[in-house]
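All of these numbers come straight from a predicted model, not from anything done at the bench. In this chain, numbering begins with 1 at the start of the sequence shown.
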Amino acid sequence: MPDEDLTRYDCVPATTVRRALEDVRDRMPPDRWQAFVVQALRRELIGAQDIDTRGGFHPEAVDQNEKNA
């Protein structure tokens, strides 16, 4: 796994949120995956540039100011 896909939590290696979202994209219904992406964006765990929009999902439509939605 490339270094840019890894982070550490208390010295324990883990995949980044971006990589985790990529890995599960084809394993769940699209609406559920999009809900995960929206929450990650709102919590500022990822940025809009981290999302692959080829599937028709457009993160710029997400209101970044609604942190608790």
Side-chain angles (χ1 to χ4, degrees):
M1 181 166 303
D3 285 342
E4 64 267 11
D5 289 343
L6 292 174
T7 190
R8 293 190 176 272
Y9 298 101
D10 294 327
C11 298
V12 176
T15 59
T16 61
V17 172
R18 182 196 53 79
R19 176 61 189 255
L21 287 168
E22 282 180 17
D23 288 348
V24 300
R25 183 173 191 158
D26 296 329
R27 297 180 187 173
M28 61 179 39
D31 58 327
R32 189 165 182 198
W33 180 82
Q34 289 179 7
F36 284 139
V37 171
V38 167
Q39 285 299 315
L41 286 164
R42 288 183 177 154
R43 294 175 187 205
E44 299 178 356
L45 299 172
I46 60 171
Q49 73 279 2
D50 294 321
I51 303 304
D52 179 359
T53 58
R54 288 177 289 179
F57 179 65
H58 298 285
E60 64 274 7
V62 174
D63 185 351
Q64 298 293 317
N65 296 318
E66 294 183 35
K67 300 288 185 202
N68 297 321

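The shortest non-hydrogen separation linking Gly47 to Leu41 is C-CD2, 3.7 Å. Shortest non-hydrogen contact noted between Glu4 and Arg18 is O-NH2, 3.9 Å.
Panel note: side chain Trp33, backbone Leu21; a donor-acceptor pair is recorded below 3.5 Å. In terms of modelled atom types and a separation under 3.5 Å, the side chain of Asp5 and the main chain of Pro2 share no donor-acceptor contact.
One hydrophobic cluster, built from ILVMFWY side chains closer than 4.5 Å, cannot hold both Leu6 and Leu45; they sit in different ones. A continuous path of ILVMFWY side-chain contacts below 4.5 Å connects Val24 to Val37, so both sit in one hydrophobic cluster.
Taking the side chain as every heavy atom from C-beta outward, Thr16 and Ile46 never approach each other to under 4.5 Å.
Between atom CD of residue Gln34 and atom CD of residue Gln39 there is a gap of 13.0 Å, rounded to the nearest 0.5 Å.
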